[in-house]
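This report concerns only the one structure given below.
For the numbers below, each heavy atom of this structure counts, side chains included, while hydrogens, waters and symmetry mates do not. Remember, it's a predicted structure, so these values are computed and weren't measured experimentally.
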Amino acid sequence: MLQMGTGRKKDNPKIIVIVGPTASGKSDLAVSLAKKFDGEIISADSRQVYKGMDIGTGKIKEEEMKGVPHYLLDVADPKEKFSVAKYKLLAEEKVEEIINKKKLPIICGGTAFYVSAIADGIIIPEVPPDWKLRKKLEELKTEELFNKLKKIDIGRAKKIDEKNRRRLIRAIEIVDKTKKPVQKTRIEQKYNPLFIGIQIEKEKLHERIKRRLDQRLEEGMIDEVMTLNKSGVSWKILEDFGLEYRWIARYLQNKIDYNEMYESLLTDIKKFSKRQMTWWKNDKRISWIKKYKEAEKLIKNNAF
RNA sequence: GCCGCGGUAGCUCAGUGGUAGAGCACUUCUCUGAAAAAGAAGGGGUCGUCGGUUCAAUUCUGACCCGCGGCA
């Protein structure tokens with residue numbers, strides 16, 4: 001959990017932040033609120049940033065936007081790596097633009113890390129990924145990675161998840177480039193966010209997840225993945241995207257049959273929604289709402 | 001009806017004469033340029049039912065019940 005320091009700064013520009021698990025109806029809520037309060041929407045979704053990934057990511061359709069401008073969709077090529085740092089840069093630019101237009105910025109998304117980058121203002125160390133270095137480190141055993149980090153940065157080593165190779169490698173990378181220990185997470189709160197969370201019972205959410213999955217399969221989600229692959233997005237990349245792209249890619253490679261693809265995917269989406277909630281459910285700043293009207297009231301009461 | 005095989009965690013299955021494990025699921029959690037990613041911890045079973053042998057049975061044995069396959 002991040003330490004907020006002085007907390008919300010009253011003078012900072014106000015923004016709305018909508019969070020909630022996948023399939024909970026964030027996009028619809030965002031559009032309704034945007035229409036009501038003259039807002040514009042910035043997506044905070046690590047997969048919807050990619051072009052050509054529409055059905056599988058549940059990207060909002062043109063007609064569903066109802067004329068409300070949406071940003072940070074389709075800003076990246078799936079063949080190239082994207083990252084929170086890039087997201088933060090682009091998204092903050094958009095927030096500024098919207099504020100300058102005297103409109104209300106609404107951050108809406110399911111990627112907690114991305115949301116946090118903006119709404120909490122976490123500062124990401126300015127060390128771009130060095131994929132050559134990472135590849136080299138990848139050859140080391142997990143324990144060796146941990147020992148290496150311990151030697152060069154005992155402070156970080158103490159706090160890090162010592163079994164998590166990806167984190168270990170990143171930490172080593174930062175020390176390697178900056179020649180300094182990894183700094184404590186710093187925060188620069190630029191905005192005054194009002195957090196609205198969509199509350200939904202597990203059974204109902206699972207039902208929605210299944211219905212949405214069936215619908216998207218009918219809409220041609222499998223073709224979408226095939227098209228991506230044909231246009232040069234490797235199976236490996238699709239695997240890393242996770243969920244729909246991972247399971248459909250395995251199916252298209254004949255590694256599993258349709259039924260296994262369907263069942264595993266359904267389970268994984270449910271697990272994902274769970275992980276999203278793990279991130280948010282203990283965040284005291286979030287007001288959990290069940291109906292649109294409650295969100296509207298919240299915004300009014302907070303003098304937006 | 002007979003013969004064979006099986007009945008162990010929610011699921012698929014290991015295993016042992018001294019009251020049990022794995023993978024997946026589930027629960028809880030972590031998150032410093034891959035985050036739909038990558039990781040961590042935890043709960044859970046009167047081992048089909050009722051008898052017998054034994055100091056001791058989930059393990060051996062008998063009957064029965066249930067499932068699957070074969071023969072009639």
* Structure fact -> In short, A:Pro193 meets A:Tyr191 closest at the heavy-atom pair CD-O, 3.3 Å
Rounding to an integer number of angstrom, what distance separates [N] and [M] when you compare their [atom1] atoms?
N	M	atom1	result
B:G15	B:A22	C1'	10 Å
B:C29	B:G23	P	22 Å
B:A20	B:C47	P	10 Å
B:G45	B:G10	P	9 Å
B:C13	B:A38	C1'	29 Å
B:G6	B:A14	C1'	15 Å
B:U19	B:C65	P	32 Å
B:C5	B:G48	C1'	16 Å

Heavy-atom distance under 4.5 Å between the side chains of [X] and [Y], does that happen here?
X	Y	result
A:Ile160	A:Leu149	yes
A:Leu133	A:Ile172	no
A:Lys148	A:Leu137	yes

Mind calculating the distance between [atom1] ([X]) and [atom2] ([N]) to the nearest angstrom?
X	N	atom1	atom2	value
A:Arg156	B:U30	CZ	C1'	11 Å
A:Glu92	B:G33	CD	P	16 Å
A:Leu266	B:C24	CG	P	18 Å
A:Asp45	B:A34	CG	C1'	15 Å
A:Lys270	B:U27	NZ	P	11 Å
A:Met53	B:A37	CE	P	12 Å
A:Lys281	B:C29	NZ	C1'	9 Å
A:Lys132	B:G33	NZ	P	22 Å

* Residue mapping more 5' on RNA chain B - nearest nucleotide basis, A:Gly56 or A:Ile124 ->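 Between the two, 5'-proximity favours A:Ile124.
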* Of A:Val127 and A:Lys271, the one whose closest RNA chain B nucleotide lies more 5' -> A:Lys271
* Could you tell me whether the side chain of A:Arg47 and the main chain of A:Phe241 form a donor-acceptor pair under 3.5 Å? =>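 Yes; judged by distance alone, with no hydrogens or angles, the pair exists.
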* When all nucleic acid strands are considered with a 4.0 Å heavy-atom cut-off, which category describes A:Arg134: base, sugar-phosphate, or nothing? -> base
* Asked: Checking all strands, does A:Lys202 fall into the base, sugar-phosphate, or nothing category for heavy-atom contacts under 4.0 angstrom?
  -> sugar-phosphate
* **Short side-chain N/O contact to B:C29 OP1/OP2 from A:Asn282, under 4.0 Å** =>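 Indeed, a polar side-chain atom of A:Asn282 lies that close.
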* Asked: Does the side chain of A:Tyr87 get closer than 4.0 angstrom to OP1 or OP2 of B:G33 through an N or O atom?
  -> no
* Asked: In terms of heavy-atom contacts, does NZ of A:Lys204 have more than 12 from other residues, nucleotides or ligands at under 6.0 Å?
  ->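 No.
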* Asked: According to the ring-ring contact (aromatic ring centres under 6.0 Å, His included) rule, which pairs have a member within residues 89-127 of chain A, sequence neighbours left out?
  -> A:Tyr87-A:Tyr114
* No-hydrogen, no-angle side-chain donor-acceptor test under 3.5 Å, A:Tyr50 and A:Lys79 ->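 The criterion, which ignores hydrogens and geometry beyond distance, is not satisfied for A:Lys79 and A:Tyr50.
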* Asked: Any chance the side chains of A:Ser264 and A:Arg250 put a donor and an acceptor closer than 3.5 Å?
  -> no
Can you list, pair by pair, the side-chain donor-acceptor contacts under 3.5 Å of residues 251-261 of chain A, counting residues two or more places apart and other chains?
| from | atom 1 | to | atom 2 | distance (Å) |
| --- | --- | --- | --- | --- |
| A:Gln253 | NE2 | A:Ala249 | O | 2.9 |
| A:Asp257 | OD1 | A:Asn259 | N | 3.2 |
| A:Asp257 | OD1 | A:Glu260 | N | 2.8 |

[X], nearest nucleotide to its side chain (from [options]):
X	options	answer
A:Lys274	B:U27, B:G33, B:A35	B:U27
A:Thr278	B:U30, B:G33, B:A25	B:U30
A:Arg275	B:A34, B:U28, B:U30	B:U30
A:Thr267	B:U27, B:C26, B:U32	B:C26

Identify every side-chain donor-acceptor pair in residues 28-35 of chain A under 3.5 Å, counting partners at least two apart or on other chains, and give the distances.
| from | atom 1 | to | atom 2 | distance (Å) |
| --- | --- | --- | --- | --- |
| A:Ser32 | OG | A:Asp28 | O | 3.1 |
| A:Lys35 | NZ | A:Lys66 | O | 2.9 |

* Asked: Which residues, if any, of residues 227-247 of chain A bring a heavy atom under 4.0 Å of RNA chain B?
  -> A:Asp240, A:Phe241, A:Gly242, A:Leu243, A:Glu244, A:Arg246
* Interface residues of residues 160-183 of chain A with RNA chain B (non-hydrogen, below 4.0 angstrom) -> A:Asp161, A:Lys163, A:Asn164, A:Arg166, A:Arg167, A:Arg170, A:Ile174, A:Val182, A:Gln183
* Watson-Crick and G-U pairing of RNA chain B, under 3.5 Å, as dot-bracket with | and [ ] -> (((((((..((((....[..)))).(((((.......))))).....(((((..]....)))))))))))).
Thinking salt bridges, do [X] and [Y] make one under a 4.0 Å N-O criterion?
X	Y	answer
A:Asp240	A:Lys236	yes
A:Lys274	A:Asp268	no
A:Arg216	A:Glu224	no

